[in-house]
Amino acid sequence: MTHPLRVALIRGDGIGIDVANAAIAVVDASLARVGAPALEYDDIDAGAGYFAETGLDIEPGGEERAGEADAIFLGAIGLPAIRHEDGTEISPHLRLRDRFQLYAGVRPVKAYPNAPQRLADPRAANLDMVILRESTEGLFYSAAVHGRFVASGDEEVRETLRISRATTEKLHRFAFKLAERRKARGKSARLTCVDKANVFASMAFFRKIFDETKAEYPEIAVGYNYVDAMALDLVRKPWEFDVMVMENMFGDILSDLAGGLVGGMGMAACGEIGDHTGLFQPAHGSAPDIMGQDKANPLAAILSGAMMLDYLSDKSGDKKLEAAAELIERAVDAGFGENALRPMEFGGDMGTEAVTAELLRRVEAG
Ligand code: ATP
Ligand code: MG
C-alpha cells in the first residue's frame, strides 16, 4: 500500500457533520505530530439532507468511491423528519455494511475518570473491554436486507438466524487477533465466546468454530458464557472480561448494556471491518434534538478516528499511524484524568468546539 492513504468521508446529517469535522481535525493533527503523511479525503454527499435535496440517499458513484478508498469515515446519517415514502429512515450506510461485508463490529467499552460511572465498585473505574459483534448475519440476517428469507403471514412470521462457517471463521480469527494485539499493548487478553450453545444448533456451531480457531492462538486465554449469564455478569463483575465475541443480535443488545455502564452515547466509538475496507463512525445518531447548538460530545467520533488510524496502520504496515492512534487515546485519557475534558453531555461546560480544541492542544503537545 502506498501513501497517501485515502479515506472516503461521509459527514452525513445533524451533529454527524460537526463530530466528523472534529474527528478529522484531531486525526490530522495526530498524524502531523508523529510525522506521518497526511490522509487524502474523498468527500461523499449522503444522508437525509442530501435526500431531501436530490431524492437520492447517496450521490451517484458514491458507493463505488467509498469502496475504492482505504477506509470510510462517517459522522451520522438520518433525520426523523425526512423519510422514504414507506416511512423508513434514510440509511445508505446499512447498504454499505452489506455491500462491503463489514462483518466485524468492534465496540470498545472503556471507563474514563470523571465520566459517568454506573457501578459503585471501584474496580468498575478501570473498565476497558471490547464487544465484537458480527454485523452481517446472525439474527439480523433477514432484517439487514429487506425480504431476505422472511416468511410472513397473519398467523405466524419466521425470520432466519444465519451462522455461516465462512463469516464465523473470519470473525473468530479477528477476535483472537484483537486479543493478541491488546496483549501486546499490556492489556489483559482474555477472549470470551458468548452464545446460547446449550439451546440452539446455530450457536453450538458458532462455538465449535470458536474452538477450532482457538487452536491457532494457544497463548490467548479463553472463556465461555451464555448470553443471559453474560448480561448478568456485565452488571455484576464486568472487570473480569476483556474481548467478547458474539452474533449480531446479542452484540446489539449487550453493547448498549455495556455502553450504559461507562457513560453516554457521546463516548461510544465503533468500527465495522470487512476483508477489504472498514467503516468507522460514532455509535450514536444525528441527534437532531441538539444539532446546531455546539452541544454534541465529539469524543465518540474522535475515538472512532483513532480506531481508523489503527486499522490503516495494520493495512499499510506504517507503524506511525498506530502511534498517532495511541496519541489520541492518551490525550482523551489524560484529559479526563486532569478534569480538562468536561463535555456538556456529562453536565460539563464544554461544547463540541471546546472539547475538540482541548484535544487538539493535547495532541499537538504530544
Ligand atoms: P439513530 O437511530 O441514528 O441511532 P437515535 O434515535 O438512536 O439515532 P441519537 O441520535 O443517537 O438517537 O441520539 C440519542 C440521544 O442521545 C439524543 O438525546 C441525543 O441528543 C443524545 N446524543 C447522541 N449523540 C450525542 C453526542 N455525541 N453528544 C451528546 N448527546 C448525544
Ligand atoms: Mg440509535
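Just follow the structure's listing: the first ligand is 1, and inside any ligand the first atom is 1. For the single chain, residues carry numbers from 1 onward in sequence order.
Checked against a 3.5 angstrom limit, the closest N/O atoms of Ala287 and ligand 1 fall inside it. Some N or O of Gly285 is nearer than 3.5 Å to an N or O of ligand 1, by distance alone.
Relative to the six-membered ring of Tyr217, Arg173 misses at least one condition, a distance below 6.0 Å or an angle of at most 45° to the axis.
Of all atoms in ligand 1, listed by their number and element, those nearer than 4.0 Å to a heavy atom of Ala296 are 28 (N).
Using a 30° and 60° split on the angle between ring planes, Tyr224 and Phe210 fall in the perpendicular class, above 60°.
The residue Pro282 has no part lying near ligand 1, judged by heavy-atom distances below 4.0 Å. Counting heavy atoms under 4.0 Å from ligand 1, residue His284 touches it through both backbone and side chain. When non-hydrogen atoms are compared, ligand 1 lies under 4.0 Å from the side chain of Ile15 (C-beta onward) but not from its backbone.
Counting heavy atoms only, Asn297 comes closest to atom 28 (N) of ligand 1 of the residues Ile290, Asn297, Asp18. Of all the listed residues (Asp256, Thr352, Asp289), Asp289 holds the heavy atom that lies closest to atom 20 (O) of ligand 1.
Side-chain atoms of Ser30 do not come within 3.5 Å of backbone N or O of Leu327 as any donor-acceptor pair.
The shortest separation from a heavy atom of Gly78 to ligand 1 is not under 4.0 Å, leaving the residue out of contact.
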Residues Asp242, Lys187; criterion salt bridge (Lys or Arg N to Asp or Glu O under 4.0 Å); working and verdict: CA-CA 9 Å; Asp242 185 40; Lys187 300 186 176 187; over 6 Å; no
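Using a 4.0 Å cut-off between charged side-chain N and carboxylate O, Glu216 and Lys177 make no salt bridge.
Between Thr213 and Glu169, the side chains place no donor N or O within less than 3.5 Å of an acceptor N or O (distance only, hydrogens not considered).
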